[in-house]
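Data first, discussion second: the structure below is written as structure tokens.
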Protein chains: 2
Amino acid sequence: MQVSTATAGPSGGPRARSRDRATAEIRDRLVEAALVEFANHGFDGASTRAIARRAGAHQPQINYHFASKEELWKAVLLKLLGELDAATAIAPGLSPRETMERAIRGVVAMGAARPELNRIMIHEGTHPSDRLVWLVETQVAPRTRPMLALWEKLRAAGEAAPISPELLYHVLIGAASLLHANAPEARLLLGIEPSDPAIVEAHADALVAMFLPPNPKDRAAR
Amino acid sequence: MQVSTATAGPSGGPRARSRDRATAEIRDRLVEAALVEFANHGFDGASTRAIARRAGAHQPQINYHFASKEELWKAVLLKLLGELDAATAIAPGLSPRETMERAIRGVVAMGAARPELNRIMIHEGTHPSDRLVWLVETQVAPRTRPMLALWEKLRAAGEAAPISPELLYHVLIGAASLLHANAPEARLLLGIEPSDPAIVEAHADALVAMFLPPNPKDRAAR
DNA sequence: GTCTATAATTAGATAGAC
DNA sequence: GTCTATCTAATTATAGAC
């Protein structure tokens with residue numbers, strides 16, 4: 001990564017700050033363009049020329065602002081995962097069941113708003129690579145553990161569908177994200193627009209009903 | 001692979017049949033190799049050289065046996081979809097519920113045995129292309145319609161989870177296939193082997209329980 | 001920081017000897 | 001049918017003028 005080492009004064013006069021702002025902007029434009037190209041064609045299938053063109057920049061600017069295509073890819077994922085964190089942030093004071101419901105709705109909302117994250121993860125997950133190891137070990141695993149612990153608690157309380165924690169992650173993410181990751185297919189096959197708010201809500205409702213079925217004890221208590 | 005030098009007689013002596021057999025064999029080896037490369041890297045990311053290497057052939061043989069990379073890709077899908085049909089063939093005399101249960105178990109079994117089909121479909125579904133149009137219109141749509149009709153029947157009978165037919169396809173396929181499509185990720189993240197028969201069975205059992213929950217009427221009748 | 005030019009490699013496809 | 005050589009185009013990355 002190219003750090004903007006100030007050529008200006010000791011540490012940042014007005015001009016240096018203005019230039020830093022411009023640098024941050026072009027970097028973000030490149031990340032936004034790369035996110036789409038990586039999501040559409042996979043890492044190998046995406047070309048830095050197409051990314052630069054989409055960003056309104058020249059191809060060598062990628063190697064200037066990022067050390068390599070791979071570093072650009074990592075920047076893409078860090079940005080998208082930050083947005084995922086915002087969409088699934090846990091609110092304090094909620095019951096385990098409410099927490100899980102919020103997580104499910106957050107995952108669906110994120111998949112609809114930013115299908116690129118799931119597209120990229122799905123592309124990468126199909127074959128072993130150094131990128132996949134980085135992604136799983138440093139990003140996915142830390143985010144997954146709290147959800148699996150929560151699931152075990154719900155299962156013990158009889159409030160969760162009969163799915164083992166080992167299977168939960170892929171069953172839930174698959175059920176929640178494929179419609180959006182493969183939205184172009186859904187448009188052709190079903191003639192629907194997966195990002196339509198009414199569909200997003202129906203989708204989330206269905207998943208909550210399936211993964212968090214009504215608790216028999218609650219029904220008895222009513 | 002060296003074939004008998006025979007140019008053989010006018011139309012189909014023993015030697016011609018032997019050559020046809022050899023041709024069919026190399027074609028299938030190329031299809032099997034292509035299936036893995038397309039599944040791992042997507043259409044754009046897969047190279048014909050890597051495919052030929054995996055098949056123990058030379059790169060120009062692909063253009064000799066298939067008109068183009070795209071025709072090879074279509075041959076891959078026709079083979080895999082034929083196997084899917086075999087795995088999900090409907091048995092006569094079963095109730096709608098039993099038929100749906102068999103379909104769910106067949107989809108899971110196919111995903112575990114041939115993860116390449118779902119990997120390729122997932123790669124293609126992320127962006128519009130002529131290949132996607134061909135895939136959806138000529139292959140996916142005809143196979144999907146009977147399943148959706150069956151689902152509506154089950155929903156009307158109160159035997160199906162509360163998912164609209166429009167959402168069913170992607171929710172079910174996502175829940176059933178992501179674990180296998182992204183098996184390399186699951187191995188790293190969870191330390192499990194998704195093709196393990198015990199996991200395949202537990203996975204299918206969980207999906208059947210979630211998508212075909214016990215019918216309240218049946219419970220009342222017991 | 002940008003942009004032109006280009007190096008070094010690889011892509012899909014073809015020609016022609018065998 | 002196979003296989004070597006090769007064509008054209010596209011790839012990531014770099015050099016250097018501005």
Side-chain angles (χ1 to χ4, degrees), chain A residues 1-8 12 15-31 33-34 37-38 40-76 129-131, chain B residues 1-8 12 15-31 33-34 37-38 40-76 129-131:
Chain A
M1 189 207 297
Q2 191 80 8
V3 180
S4 37
T5 48
T7 46
R15 309 203 98 176
R17 276 195 295 278
S18 164
R19 191 228 22 231
D20 287 354
R21 212 164 26 238
T23 293
E25 196 210 298
I26 177 64
R27 280 180 55 100
D28 190 62
R29 284 223 317 279
L30 288 170
V31 166
E37 294 293 327
F38 285 139
N40 284 1
H41 304 286
F43 183 85
D44 294 326
S47 85
T48 55
R49 273 183 168 77
I51 293 168
R53 193 181 325 124
R54 185 182 286 272
H58 290 85
Q59 182 256 343
Q61 288 180 269
I62 287 178
N63 291 89
Y64 177 79
H65 288 283
F66 301 89
S68 64
K69 185 181 178 182
E70 183 149 345
E71 288 303 312
L72 172 58
W73 177 89
K74 286 187 181 177
V76 162
S129 71
D130 290 346
R131 290 191 310 278
Chain B
M1 147 179 222
Q2 194 67 21
V3 177
S4 63
T5 57
T7 44
R15 308 202 101 175
R17 278 195 293 278
S18 164
R19 186 214 41 210
D20 288 353
R21 215 166 22 241
T23 293
E25 197 210 298
I26 179 65
R27 279 180 56 100
D28 191 62
R29 286 223 316 279
L30 287 171
V31 166
E37 294 293 327
F38 286 139
N40 284 1
H41 301 105
F43 183 85
D44 295 326
S47 84
T48 56
R49 278 182 167 80
I51 292 168
R53 194 182 322 125
R54 185 181 286 271
H58 290 85
Q59 183 255 343
Q61 287 179 270
I62 287 178
N63 291 89
Y64 177 80
H65 288 283
F66 301 89
S68 64
K69 185 182 178 182
E70 183 150 345
E71 288 303 311
L72 172 58
W73 178 89
K74 286 188 182 178
V76 162
S129 71
D130 290 347
R131 292 191 308 278

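Only a predicted model underlies this, so the values are computations on that prediction, with no experimental measurement involved.
For the pair B:Ile62 CD1 and D:dT2 P, the computed distance is 12 Å after rounding to whole Å. In this structure, the CZ atom of B:Arg49 is 16 Å from the P atom of D:dA10, given to the nearest Å. Here D:dT11 presents its C1' atom at 16 Å from CD of A:Glu70, a figure rounded to the nearest Å. In this structure, B:Asn63 places its CG atom 15 Å from C1' of D:dA5, rounding to the nearest Å. Residue A:His58 contributes atom NE2, which lies 15 Å from atom C1' of C:dT6 at whole-angstrom precision. The CG atom of A:Asp44 sits 12 Å away from the C1' atom of D:dT12 (whole-angstrom rounding). In this structure, B:Asp28 atom CG and D:dG1 atom P are separated by 15 Å, rounded to whole Å. If you measure from atom CZ of B:Phe66 to atom C1' of C:dT14, you get 18 Å, rounded to the nearest angstrom.
Across all their heavy atoms, A:Ile51 and A:Ala33 have their closest contact at O-CB, 3.4 Å. Across all non-hydrogen atoms, the minimal contact from B:Ala57 to B:Ile26 is CB-CD1, 4.2 Å.
Counting any heavy atom pair closer than 4.0 Å across all strands shown, B:Ala50 reaches no nucleic acid atom. Using a 4.0 Å heavy-atom distance criterion, B:Ala67 is classed as making no nucleic acid contact.
Side-chain proximity of A:Tyr64 to the nucleotides C:dT2, D:dA15, D:dT4 is greatest for C:dT2. When distances are taken from the side chain of B:Asp20 to each of D:dC3, D:dG1, D:dA13, the shortest belongs to D:dG1. With C:dG12, D:dT12, C:dT2 as the candidates, the nucleotide lying closest to the side chain of A:Thr48 is D:dT12.
The side chain of A:Gln59 places no N or O atom within less than 4.0 Å of a non-bridging phosphate oxygen (OP1 or OP2) of D:dT12. OP1 or OP2 of C:dC3 sits under 4.0 Å from a side-chain N or O of A:Gln61. An OP1 or OP2 oxygen of D:dG1 is reached within less than 4.0 angstrom by no side-chain nitrogen or oxygen of B:His65.
The aromatic rings of A:Trp73 and A:Phe43 sit perpendicular to each other, their planes meeting at more than 60°, with 30° as the lower class boundary.
Looking at A:Arg27, its side chain does come within 3.5 Å of a backbone N or O of A:His65 through a donor-acceptor pair.
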>> Would B:Glu25 and B:Arg29 count as a salt bridge (charged side-chain N to carboxylate O under 4.0 Å, His left out) here? Give the steps.
In response: CA-CA 6 Å; B:Glu25 197 210 298; B:Arg29 286 223 316 279; 3.1 Å; yes
